[in-house]
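Just so it is clear, the structure is predicted and the values come from calculations on it, not from any experiment. One-based numbering, in listed order, for ligands and for the atoms of each.
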Amino acid sequence: MKTLIIFAHPKLDSFNGAILEAIIDELKVLQSEIRVRDLYRIGFQPVLHEDNYSEFYQTKIPADILEEQSYLLWAEQIIFIFPTWWSGMPAILKGYIDRVFSNGFAFRMIKNGTEGLLKGKKGLIIQTTGQPEQKLKPSQLTMAMETAMDYGIFQICGIDTVSHQFLYGVTLSDHATKQRMLREIRDIIQLL
Ligand SMILES: Cc1cc2nc3c(=O)[nH]c(=O)nc-3n(C[C@H](O)[C@H](O)[C@H](O)COP(=O)(O)O)c2cc1C
C-alpha cells in the first residue's frame with residue numbers, strides 16, 4: 001500500500017516524533033511504500049497570500065504546491081500526525097490544507113455543493129492532546145475537532161477516514177503510558 005505521511009510538529013524529538021517513528025517501523029513490516037512530508041523540515045510555506053489566492057480557484061498552481069499534490073495523487077492512504085494546538089491543528093498543517101487541497105484538485109464545485117476528487121484514498125488521523133479525555137469530551141471539543149477534520153476536510157475531498165485516533169493527555173503522561181499509546185498506534189497500523 002502506498003502511504004503518504006504528513007507530519008506537523010516542530011520537534012522530531014517529541015512524542016509526535018516517536019509516533020512517526022513507530023508508524024514508519026510498522027509500515028516497513030507491512031512492506032508499504034512510504035513517503036513522508038515533514039512540513040517543518042521541508043520548510044513548507046503555509047500562508048495563502050494574495051498573489052497565490054487565485055491558485056485555490058485553479059488558475060496557476062505554484063510549483064511547491066504541484067509537488068505536494070503529486071504526493072497525494074500517488075498515495076493510496078494518507079496519515080496525518082500532529083498535536084492539538086488551540087483545539088485544532090497547528091497552523092502549518094492548516095496552511096498545507098488551505099494551499100494543497102485546492103479547488104479542482106481535491107474537490108470541485110457542482111450544482112448542489114462540492115464533489116470530492118480524492119475518492120478511493122484512505123485517511124488516518126493521529127492527534128495528540130495535552131488535556132485529558134475527561135476534559136475534552138464533555139466540552140464537545142473532541143467531537144468538534146473530529147467533525148471539522150473528518151467531515152469538513154476529508155469527506156469533502158472524498159477521502160475515507162478509517163480512523164481518527166486521539167492520544168489524550170500526552171503532556172502529563174508517564175513513560176509507561178506513552179509506550180502503551182505507541183503500542184496502540186502500532187496495532188492500528190497492522191489492521192489498516
Ligand atoms: C500552541 C499550543 C497550543 C496548545 N493547545 C492545546 C489545546 O487546545 N488542547 C490540548 O489538549 N492541548 C493543547 N496543547 C498541548 C499539546 O497538544 C501537547 O503538548 C502535545 O499534544 C503533546 O505532544 P508532543 O509531546 O509531541 O508535543 C497546546 C500546545 C501548544 C504548544
In this structure, CG of L182 is separated from NZ of K178 (nearest 0.5 Å) by 9.5 Å

Which atom of T3 lies closest to which atom of S32, heavy atoms considered: OG1-OG, 2.8 Å

Classify the side-chain pair T171/Q131 by whether it contains a donor and acceptor separated by less than 3.5 Å. no

Nearest to atom 23 (O) of ligand 1, what protein heavy atom do you find, and at what distance? N16 ND2, 3.4 Å

To which protein heavy atom is atom 8 (O) of ligand 1 closest, and what is the distance rounded to 0.1 Å? S87 N, 2.8 Å

Is there a polar contact, in the sense of an N or O pair closer than 3.5 Å, between W85 and ligand 1? no

Part of T129 with heavy atoms under 4.0 Å of ligand 1, whether side chain, backbone, both or neither: both

Do me a favour and list the nearest non-hydrogen protein atom to atom 22 (C) of ligand 1 with residue, atom name and distance? V170 CG1, 3.7 Å

Please state which protein non-hydrogen atom is closest to atom 20 (C) of ligand 1 and give its distance, to 0.1 Å? T128 OG1, 3.6 Å

Under 3.5 Å between some N or O of ligand 1 and some N or O of F15? yes

Of the protein's non-hydrogen atoms, which lies at the shortest distance from atom 5 (N) of ligand 1, and what is that distance? W86 N, 2.8 Å

Atom 27 (O) of ligand 1 has as its nearest protein heavy atom H9 NE2, 2.7 Å

Nitrogen or oxygen atoms of G130 and ligand 1 under 3.5 Å apart: yes

Testing the 3.5 Å rule here: is there a donor-acceptor pair between the side chains of E26 and Q190? yes

Say whether, by atom type as modelled, one donor and one acceptor occur between the side chain of Q45 and the main chain of V47 under 3.5 angstrom. yes

Does any N or O in the side chain of Q127 come within less than 3.5 Å of the main-chain N or O of F166, such that one atom is a donor and the other an acceptor? no

Per-atom filter on ligand 1: closer than 4.0 angstrom to a heavy atom of T171 are 18 (C), 19 (O)

Using distance alone, with no hydrogens and no angle criterion, decide if T142 and Y168 have a side-chain donor and acceptor under 3.5 Å apart. yes

Tell me which protein heavy atom sits closest to atom 11 (O) of ligand 1, plus the residue, atom name and distance to 0.1 Å. Q131 N, 2.9 Å

Strictly under 6.0 Å, is that where the ring centroids of Y96 and F44 end up? yes

Ring centres under 6.0 Å, that's the criterion: do F101 and F154 meet it? no

Identity and distance of the protein heavy atom lying nearest atom 13 (C) of ligand 1: T84 O, 3.2 Å

